[in-house]
Amino acid sequence: MSTPRPSSRPTCPPRPSGPAGPTRPGRPSRPVRALTAVLAAGTLLATAAACSGGQDGASSASSASSVAASPVAERTTTASPGKKTLTSAGARTALITEGDLEDDWNQVPNAASWEDKLLIGTVDAQQFLTGKTQAADCQRLLDGLYGDDLLGRPSGASALTGFTQGDSRLLYQVAAYDRDDLDKSLDWLGSLTTECDQFDAKASDGSTRTVQVVEASLPKAGDAREGITVTVKGTSGGSPVTLTLDVAAVRVGNDAITVTNGGYDGADHDSTKDAVSHGTTRLKDVREGRTPAPEPSEFD
């Protein structure tokens, strides 16, 4: 709470309830009266500015930078100086396309419904040295992969798309986050190679899934980045299967891209790197008010 100003400050009249302001005085016939009117008007303007505390200006700036956030928005995301706040339209524009990926990836419309039941399981805390803490981190990993919210809930606009190539899937997301929460999520993701390097999870049918987490290299893109490769071994239809997923997250200001890529035949690491490299460029273009190129000029 701010400290009240000294009583010598002029008392502010109540703000008018309607849009009408004070009537502009008629032009006087004598120079002296004109000067007096100018001085009086200046005093009124100075007093009005002091009373408003800059509210009118702040309101105009707020209107100019307001953004249509996704329905899950709970907090306002503040853009870095000189950067545009990510809008829903901007998030969609920042999504990668087939042209950003090599090989034969095909964009599909149903990526939001992708769910792999091999990722459903309950982590047992007894297998860890620090018990509940490590178990909670590993459970968050499985739940985040299944629910496509590894970095937590976006605080602003978000968009996602998906691609398939054979039995492999690549899910790509762009979203605005609270900066502190985003940094914490990246730190958590980077800690998983130590905290959750290998663990077991029990499925609802009593079978066991074995999970391994190793570090994955990423291009030096964005302001911060973390990459891991997750391998889940279990059974499907009575037969043993192995699901391998590349997981990458890159922060650009208060926004981030997330990539999960892989399947039962392994993960195409080059495609993950392409998505990270070209996706970061697209997000930067959108944040700086530029239209991303339809396709990258060349692949790394």
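This is a predicted model, so every value here is computed, not measured. Heavy-atom basis, side chains included; hydrogens, waters and symmetry copies ignored.
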key: Interatomic distance, D270 atom CG to E102 atom CD [nearest 0.5 angstrom]   = 7.0 Å
message = Quick check: do T281 and P292 have side-chain heavy atoms less than 4.5 Å from each other?
response = no
ask   = Between E195 and Q134, is there a donor-acceptor pair closer than 3.5 Å when you use the side chain of the first and the backbone of the second?
value = no
Cluster link L95 to V108, ILVMFWY, side chain under 4.5 Å = no
ask   = Is it the case that more than 12 heavy atoms not belonging to E115 sit under 6.0 Å from its CD atom?
value = yes
inquiry  = I need the minimum non-hydrogen distance between D103 and S271, along with the two atoms involved.
reply    = OD2-OG, 4.0 Å
ask   = Is the shortest distance from a Lys or Arg side-chain nitrogen in K184 or D180 to a carboxylate oxygen in the other one below 4.0 Å?
value = no
message = Between D167 and Y264, does the side chain to side chain contact (heavy atoms under 4.5 Å, CB included) criterion hold? Intermediate values first, please.
response = CA-CA 7 Å; D167 293 329; Y264 292 97; 5.8 Å; no
remark   = Smallest heavy-atom separation, D268 atom then W105 atom, equals OD2-NE1, 4.4 Å
message = Checking the side chain of R92 only, and the main-chain atoms of A159 only, is there a donor and an acceptor separated by less than 3.5 Å?
response = no
query = Please walk me through it: do R140 and S185 pass side chain to side chain contact (heavy atoms under 4.5 Å, CB included)?
reply = CA-CA 11 Å; R140 178 182 172 185; S185 293; 3.3 Å; yes
inquiry  = I'd like to know if the side chain of Q139 and the backbone of G121 have a donor-acceptor N/O pair within less than 3.5 Å.
reply    = yes
query = At their closest point, which heavy atom of I96 faces which heavy atom of A275, and how far apart are they?
reply = CD1-CB, 3.9 Å
request  = Please check if the side chain of R290 supplies one atom and the backbone of K284 the other of a donor-acceptor pair under 3.5 Å.
outcome  = no
note = Separation between CG (D205) and NZ (K117), nearest 0.5 Å, reads 11.0 Å
key: Qualifying residues under side chain to side chain contact (heavy atoms under 4.5 Å, CB included), relative to A224, sequence neighbours excluded   = L186, R251
note = Heavy-atom nearest pair, S277 first then P219, reads CB-CG, 4.3 Å
inquiry  = Looking at R282 and T291, would you say the former's side chain and the latter's main chain have a donor-acceptor pair under 3.5 Å?
reply    = no
remark   = Scanning both residues in full, the closest heavy-atom pair of S168 with G266 reads OG-O, 4.0 Å
request  = Report yes if some heavy atom in the side chain of L119 is under 4.5 Å from a heavy atom in the side chain of L243; otherwise report no.
outcome  = yes
query = Are L141 and W114 connected, step by step, through hydrophobic side chains (Ile, Leu, Val, Met, Phe, Trp, Tyr) whose heavy atoms are closer than 4.5 Å?
reply = no
ask   = Given the rule that I, L, V, M, F, W and Y join up when any side-chain heavy atoms are under 4.5 Å apart, are V250 and L171 in one cluster?
value = no
remark   = So CG of L129 and CD of Q126: to nearest 0.5 Å the spacing works out to 13.0 Å
Spacing of CZ belonging to F199 relative to OG1 belonging to T210, to within rounding of 0.5 Å = 9.5 Å
query = Which is it for L150 and L145 under the side chain to side chain contact (heavy atoms under 4.5 Å, CB included) test, yes or no, and what are the steps along the way?
reply = CA-CA 6 Å; L150 273 174; L145 286 173; 3.7 Å; yes
ask   = Does anything in residues 221-240 pair up under side-chain hydrogen bond (donor to acceptor under 3.5 Å, both in side chains), and if so which pairs, sequence neighbours excluded?
value = T229-D246
task = Using the rule that two of Ile, Leu, Val, Met, Phe, Trp, Tyr join whenever any of their side-chain heavy atoms come within less than 4.5 Å, decide whether I257 and L189 are in one cluster.
result = no
Stepwise side chain to side chain contact (heavy atoms under 4.5 Å, CB included) test for L160 and D148 = CA-CA 10 Å; L160 65 82; D148 300 326; 5.5 Å; no
note = Closest non-hydrogen contact found for D137 with C196 is C-SG, 3.9 Å
query = Atom OG in S155, atom CG in L86: separation rounded to 0.5 Å?
reply = 9.5 Å
ask   = Do L192 and V123 share a hydrophobic cluster (ILVMFWY, side-chain heavy atoms under 4.5 Å, transitive)?
value = yes
Modelled atom types, side-chain donor and acceptor of T208 and D200, under 3.5 Å = no
remark   = d(L142 CG, D116 CG) to nearest 0.5 Å is 11.0 Å
